[in-house]
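Note that the structure is a prediction, hence the values are computed from the model and not measured. Numbering starts at 1 and runs along the sequence shown.
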Amino acid sequence: MSPISPFAPRGAEATPDVASGQIPGLAGAPVRTPVRSGETATGPGLWPAIAGRLVTRQLWIELYGLPGYSLTLSPFLGGGKVTAFAATPRDFRPHDPAPGKNLLVGRFVLAGASMEVEAPADPWNRPSPSRPFAVELHAFNWLPALMAQGERGAREALRLTLAWADTFARWSPFAWGPEILPRRVINLACAARKMGAVATEAERLKLADSLARQTRQLLRPPGGLATRAERLTAAAVGGCVLAGAPGQALRRRALGGLTNALKTTVLDDGGHASRSPEAGLELLLDLLTLDDALAQLSEPTPDAVSGAIARLTQGLRLLTLPDGRLASFQGGGPSTVARVAAARAHDETATTKGDPAHPPTGTVAGLTRIASPLLAIIADAASPAGAPGGRPPAPSRWRWRSPAARIVW
């Protein structure tokens, strides 16, 4: 074996002392990223805040669960009864229409689990096989695939939606919770007009009433600052779809609060306040849907919404890997190439994969990208977000709490 080959034995003087904190072959490099305790404190001092949050949440649950609470969501209290739909917002998320064929025969395959429910039965008044399945089911994430099946799909979607409205007309912590409700409102808003086209007069009024009640609930607590922008965006989309004075009132109220929410949620560099690239991607897709809905009503898009779209697009451009996927940090996944491309379709500055000769570099929400034509590195160089909706601290190599990096050749 050649003494200068990579596999040549090394002398004792060339062998680093691993016990002292060095990586073999890289003298002076630490075994793990150094972590210095920061200003975040844990211990008994947090217990009152945690207890207060739990008590507050339980109070809202008790209040919303009172008999007669559903009457406060009536469209009559918002300027009149909703009788029609005004817009058909575009859902910019790519959807595979194939699962819609299974839904037509009552087979729900969601979150790795399945349920067989043949018509005229429905999946609402029975246990779900898992919680992730139930989340996908009640968020109506199956609705776009079913709507892609033409008139037959629209009729089945209408039947399932009205059955849900009958079963869950009364507020419940899970089905009406702030984690599920915004997604369901957007899915329903994008499909409501098409479902209304195949509905009877009574069915259309019931569908509009259900969407109005859910949209109105989005404007009420609880929810927290972390998802306030997402909830208000969904409420604004619902207000664009509902025709007449009730829809206008909901739209104006949601847009009024969305301005401040976006200032907190979308950072100046285009990152999401949670520091999750996937959270920024999903919010961008929702804002694009809102922008499309406002355009259909010939209403101007607020500057705060347009600015947030521009900043999130800029951040997404930097956090998109050379293969078209998304960098996975702070709880977010890589998403899909099609989903990232859909969110960047309006981006006129660069193509989905960018200019190979001049790859983008920079920092977004503490995620630093260093790139060359042959190599891209994205490293987490900041602490986790200090509070829901809070801005991340300035990057510092001695304050890395969740060190991670993704290198792509």
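Between Ser274 and Gln330 there is no side-chain heavy-atom pair separated by less than 4.5 Å. With a 4.5 Å cut-off on side-chain heavy atoms, Leu312 and Val266 count as touching. You'll find the side chain of Leu267 stays beyond 4.5 Å of the side chain of His272, heavy atoms only. Taking 4.5 Å as the limit, every side-chain heavy atom of Thr227 sits out of range of all side-chain heavy atoms of Pro182. Here the side chains of Glu116 and Phe108 are not in contact, with every heavy-atom distance at 4.5 Å or above. Inter-residue side-chain proximity for Leu104 and Arg152 is flagged as met; some heavy-atom pair is nearer than 4.5 Å. Counting only heavy atoms from C-beta outward, the side chains of Val237 and Val185 never approach each other to under 4.5 Å. Residues Cys240 and Leu290 form a side-chain contact, since some pair of their non-hydrogen atoms from C-beta on lies under 4.5 Å apart.
Listed for the Gln296 side chain is a donor-acceptor partner under 3.5 Å among the backbone atoms of Thr88. Ser372 places a side-chain N or O within 3.5 Å of a backbone atom of Leu375 that can act as its donor or acceptor partner. Proximity of a side-chain donor or acceptor of Arg369 to a complementary backbone N or O of Thr320 within less than 3.5 Å is detected. Asn187 contributes a side-chain N or O that, together with a main-chain N or O of Phe140, makes up a donor-acceptor pair within less than 3.5 Å. Without hydrogens or angle criteria, Thr336 side chain to Arg339 main chain gives a donor-acceptor distance under 3.5 Å. The main-chain N or O of Gly333 is never found under 3.5 Å from a side-chain atom of Arg325 such that the two would form a donor-acceptor pair. Using a distance-only test at 3.5 Å, with no hydrogens or angles considered, a donor-acceptor pair links the side chain of Gln149 to the main chain of Pro97. No donor-acceptor distance shorter than 3.5 angstrom exists from the side chain of Ser210 to the backbone of Lys206, with no hydrogens or angles considered. Between the side chain of Ser114 and the main chain of Leu110, no donor-acceptor pair closer than 3.5 Å is present. A donor-acceptor contact shorter than 3.5 Å is absent between the side chain of Arg231 and the backbone of Leu181.
Salt bridge status for Asp286 with Arg183: present, with a side-chain N to carboxylate O gap under 4.0 Å.
In this structure, CG in Leu326 is found 8.0 Å from OG in Ser276, a value given to the nearest 0.5 Å. Atom CG in Leu281 sits 11.0 Å away from atom CZ in Arg344 (nearest 0.5 Å). For the atom pair Arg155 CZ and Leu160 CG, the distance stands at 14.0 Å (nearest 0.5 Å). Between Leu283 atom CG and Glu278 atom CD the span is 12.5 Å, to the nearest 0.5 Å. One finds the CG atom of Leu207 at 6.0 Å from the CG atom of Leu162 (value rounded to the nearest 0.5 Å). From Thr363, atom OG1 reaches atom CG of Leu318 across 7.5 Å, with rounding to the nearest 0.5 Å.
For the side chain to side chain donor-acceptor pair (under 3.5 Å) condition, the pairs that include at least one residue of residues 301-311, sequence neighbours left out, are Asp291-Thr301. A side chain to side chain donor-acceptor pair (under 3.5 Å) check over residues 94-103, counting only residues at least two apart or in different chains, returns the pairs Asp91-His95. Listed by first then second residue, pairs satisfying side chain to side chain donor-acceptor pair (under 3.5 Å) with a partner in residues 123-136 read Glu136-Asn141, not counting sequence neighbours.
Residues meeting the side-chain hydrogen bond (donor to acceptor under 3.5 Å, both in side chains) test with Ser335, sequence neighbours left out: none. Partners of Phe92 under the ring pair (Phe, Tyr, Trp, His ring centres under 6.0 Å) rule, at least two apart in sequence or in another chain, do not exist in this structure. Residues satisfying the salt bridge (charged side-chain N to carboxylate O under 4.0 Å, His left out) criterion with Arg159, sequence neighbours excluded, are Glu156. Scored by the side chain to side chain contact (heavy atoms under 4.5 Å, CB included) test, Glu118 finds no partners at all (sequence neighbours excluded). When the side chain to side chain contact (heavy atoms under 4.5 Å, CB included) test is applied to Ala145, the partners found at least two apart in sequence or on another chain are Pro99. Remark: Glu299 pairs with Arg251 by the salt bridge (charged side-chain N to carboxylate O under 4.0 Å, His left out) rule, at least two apart or across chains. Residues that satisfy the salt bridge (charged side-chain N to carboxylate O under 4.0 Å, His left out) test with Arg253, not counting sequence neighbours, are absent from this structure. Scanning for side chain to side chain contact (heavy atoms under 4.5 Å, CB included) contacts around Thr313 gives Leu284, Ile309, Arg317, His346, Asp347, with sequence neighbours left out.
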Just do the side-chain contact (heavy atoms from CB on, under 4.5 Å) check on Arg107 and Val117 with the steps written out, would you?
-> CA-CA 6 Å; Arg107 187 166 187 261; Val117 185; over 6 Å; no
Go through Asp209 and Lys81 one step at a time and tell me if the salt bridge (Lys or Arg N to Asp or Glu O under 4.0 Å) criterion holds.
-> CA-CA 8 Å; Asp209 178 72; Lys81 187 175 183 179; over 6 Å; no
Go through the steps for Glu230 and Glu282 under the test side-chain contact (heavy atoms from CB on, under 4.5 Å), then give the verdict.
-> CA-CA 9 Å; Glu230 286 79 358; Glu282 296 302 316; over 6 Å; no
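Nearest heavy-atom pair across Pro302 and Leu255 is CG-CD2, 4.2 Å. Contact record, Phe329 with Ile378: CZ-O, 3.3 Å, taken as the closest heavy-atom pair. Counting all heavy atoms, side chain and backbone alike, Trp164 lies closest to Ala175 at CZ2-CB, 4.3 Å. Nearest heavy atoms, Ala342 versus Leu285: C-CD2, 4.4 Å. Between Leu143 and Ala191, the closest heavy-atom pair is CD2-CB, 3.9 Å. Here the shortest heavy-atom pairing between Ala229 and Leu258 reads O-CD1, 3.6 Å.
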Can I get a per-line list of side-chain donor-acceptor pairs under 3.5 Å for residues 196-205, giving both atom names and the distance, sequence neighbours left out?
from   : atom 1 : to     : atom 2 : distance (Å)
Thr200 : OG1    : Glu203 : N      : 3.2
Thr200 : OG1    : Glu203 : OE1    : 3.4
Glu201 : OE1    : Arg204 : NH2    : 2.1
Glu201 : OE2    : Arg204 : NH2    : 3.3
Glu203 : OE1    : Thr200 : N      : 3.0

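Other residues, nucleotides and ligands contribute only 12 or fewer heavy atoms inside 6.0 Å of the NZ atom of Lys194.
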